[in-house]
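Below is one structure; the comments refer to it alone.
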Amino acid sequence: MNVLYLGEKNIGSLGIIRIVETSYPESNIVLKSVEECTSKILSEFYDICIIDGKKLEATPLSSFQKFLLMPNVPILILAKKEQPLHKYLNYLSNVRGMIEYESGVEFFLNAINVVQTGGYCYSWDIYALKSNNSALFNEEYCESVGLTRREMEILKMYLDGATNKEISVKLSRSQKTISAHKSNILRKIGTKRLPASSFRMESMGHQG
């Protein structure tokens, strides 16, 4: 597993790197600064990117766009609830996890496993952190109406503002297939169209 850790070379970062190296002996961990990764294109492939939230707090929004240069790399952020978590969720589209700095080692490693295999993991109720949660298309609701995992994935992309064409390209499926999925989604959730104001649907794993 190739891991990119964005932070600074201090005792805290070295401790986190040590935990990952010990738990994943075959892993390769690269430590870079946030500034370094927003000033040039990263050519290396990473299975997961772990970011020190303290470094993100002082990062200008314009720099956040640089992280989109690695859109297929899932991001796990180590943060505190008093930090601007909305900013991280709204401007880093590939965030799949955000956990408390003080999380135990077991929860931290579980978050890595979940995130790098395509899941989502948070220390907090992400919906409580959002300002635009007028409707809650969470995982529990989606399962209750019979949406498949693929349909949940497509619904999330629609709610994030993606078009049929964008979704078809990302999933390597025809637009006709995506349209069929959309029809099934609308039928199952009992509506004729999706909300105009988009928000992100998250499949959450809570610490407890």
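Residues take their numbers from the sequence shown, with the count starting at 1. The figures here come from the full heavy-atom set of this structure, side chains too, leaving out hydrogens, waters and symmetry mates. From a predicted model like this one, the values you see are computed outputs, not experimental measurements.
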Report yes or no: does Asn28 contribute a side-chain atom to a donor-acceptor pair with the main-chain N or O of Asn2 at less than 3.5 Å? no
For Arg96 and Gly118, indicate whether the former's side chain and the latter's backbone hold a donor-acceptor pair under 3.5 Å. yes
Which pair of non-hydrogen atoms, one from [X] and one from [Y], has the smallest distance, and what is that distance?
X      : Y      : value
Tyr120 : Val95  : CE2-O, 4.1 Å
Phe107 : Ser123 : CE2-OG, 3.5 Å
Cys121 : Ile99  : O-CG2, 4.2 Å
Ser23  : Leu109 : OG-CD1, 3.3 Å

Considering residues at least two apart in sequence or located in another chain, which fulfil the side-chain contact (heavy atoms from CB on, under 4.5 Å) criterion with Val3? Met1, Val20, Ile29, Ile48, Ile50
pair Thr177-His181: side-chain heavy atoms closer than 4.5 Å: yes
Please examine the side chains of Arg150 and Leu171, heavy atoms only from C-beta on, and report whether any two atoms are closer than 4.5 Å. yes
Do the side chains of Lys156 and Glu153 get close enough for a salt bridge, i.e. N-O under 4.0 angstrom? no
Rounded distance (nearest 0.5 Å) linking atom NZ of Lys176 with atom OG of Ser179: 10.0 Å
So if I apply the side-chain contact (heavy atoms from CB on, under 4.5 Å) rule between Ile17 and each of Val30, Thr22, Leu31, which one comes out positive? Leu31
